[in-house]
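Take a look at the structure below.
Worth knowing before you read on, the calculation uses all heavy atoms, side chains too, and leaves out hydrogens, waters and symmetry mates. In what follows, chains are A, B, ... by sequence order, proteins preceding strands, each numbered from 1.
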Protein chains: 2
Amino acid sequence: MFSKACEYGLKASIYIASNSYDGKRVSLKEIAKKIDSPVAFTAKILQDLVRHKIISSVKGAYGGFEIAKKDISSIKLSQIVNAIDGDSIYNGCGLGLHVCDENHPCPVHDQFKTIRNQLKDMLENTNLEQLALDIKSGVSFLKL
Amino acid sequence: MFSKACEYGLKASIYIASNSYDGKRVSLKEIAKKIDSPVAFTAKILQDLVRHKIISSVKGAYGGFEIAKKDISSIKLSQIVNAIDGDSIYNGCGLGLHVCDENHPCPVHDQFKTIRNQLKDMLENTNLEQLALDIKSGVSFLKL
DNA sequence: GTTATTTCGGATAAAAATATCCTATTTATA
DNA sequence: TATAAATAGGATATTTTTATCCGAAATAAC
Ligand code: FES
Ligand code: FES
C-alpha cells in the first residue's frame, strides 16, 4: 500500500508527536530504535518531512525532532503520505493508466474509485494527536 | 497500490477474457500491444498466471492464451492479485508491522482494517466477465 | 574556545522490481 | 519432413527503492 519510506515516515511522525505532546524532543537514534527502522534511511525521510514543514528539527547537542504542540492535532496522515509517496494513491488509476479519467475509465475505475476515496477520507480525517494518544496510553504500538 | 506486474496481470487477464468470451485465443504480442505493456515482462507474468492455473496457454503456431469460457465468470480479481502480489494487501499491516495483530495493533489498525476489508471484498466480488464485457462494449479501456 | 552531540546533505552501496535477450520446445501448416 | 509461429524458461541488464557512509554545519555544555 505505502512505500517503506512512507511507513517509516508515518511511524516516526506519530512517535515524535507522542513525545512533543509532553514537550519532549527526540533524536534520530531514539526514533529509529522505537519504530524499528534503519537509522540513516530514517534520517533522509525525516529531513524530507522537515523540508515539507510537517515536523521541525533542531541541530546540535540536545537537538532532535519535534512538532509544535498546537500543530499536533492539525497534521493529517494525508499530509505525510502526500509528502513522501506523492498523490498517486489519491488520484492515480488502480490499473496504472497514465491518468484516471472519468471519460476514459479503466475496467475497475468505478470499484476502485470508491475504495480510493475512502482511503483518502480516512487519511484526511485522521490526525497525529489521536494516534499519538493511543501510543502513550499503550493501546497501540509502533513495533513488534 | 498494486505492483506494475500485478497491473499488467490484471489488464492482460481482462483482455484475454474479453477475447475468450468470443472463442478467440490471443498471442503475447497482441496482448502486450493492447494493454500497452513491455512484451517480455508481460510474458513472465502470463507464465506465472498459467502456473497458477488462472489462464491457460497453447504453444506453437496459432497458439496463445485463453480462459475456458465457463471459467470467465468465476475468476475473481483477488485470485490474480494474490497470485502476483501475494496476500499482504489483504492481511498485512498498513504501517508494515511484521504481522497485523488485533491484540498488538499499530496506530492505524482500526482505520486501515476497514479500508483493507473493503478492498478485499471488492476484489473478491469482481469477476473477469463483468470487466471483459465492459471492454467489449467500449465502456471501459485498457490503455491510453 | 573546545568538545561532544546532533541534524544536513552528498556520495555510494545493496536489494528489489522492472525489463530485455536468447535458446529450447511445442505445434500447425505447407 | 521442413518451416514458421508461438510459449517456456534461464540469464542478464536496467531502474527504482531501500539502505549505508562520511564529512560539514550547528548548537549546547563545559
Ligand atoms: S481510470 Fe483506472 S481508476 Fe480511474
Ligand atoms: S496492526 Fe497495522 S493494520 Fe493491523
message: One thing to verify: whether A:Lys33 and A:Glu30 come together as a salt bridge, which I'm taking to mean a side-chain N less than 4.0 angstrom from a carboxylate O.
response: no
- prompt: Ion pair present between B:Lys11 and B:Asp36, side-chain N to carboxylate O less than 4.0 angstrom?
  reply: no
query: What is the distance, rounded to the nearest whole Å, between atom CG of B:Asp48 and atom C1' of C:dA17?
result: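 Atom-to-atom, B:Asp48 to C:dA17, this comes out as 14 Å.
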message: Between P on D:dT7 and CZ on B:Phe41, what's the gap in Å once rounded to a whole number?
response: 17 Å
Looking only at side chains, do [X] and [Y] share a donor and an acceptor under 3.5 Å apart?
X	Y	result
B:His109	B:Glu102	yes
A:Asn125	A:Asp121	no
A:Gln130	A:Asn127	yes

Look at the side chain of [X] and decide which nucleotide, out of [options], has an atom nearest to it.
X	options	value
A:Ser57	D:dT20, C:dT26, C:dC8	C:dC8
B:Phe65	D:dT7, D:dA11, C:dC8	D:dT7
A:Ala61	C:dC8, D:dA28, C:dT27	D:dA28

Positions of residues 7-38 of chain A (non-hydrogen atom under 4.0 Å from DNA chain C), listed by number: A:Ser27, A:Leu28
query: Hey, does A:Tyr62 reach any base, or is it just sugar-phosphate, or nothing, if we go heavy atoms under 4.0 Å?
result: sugar-phosphate
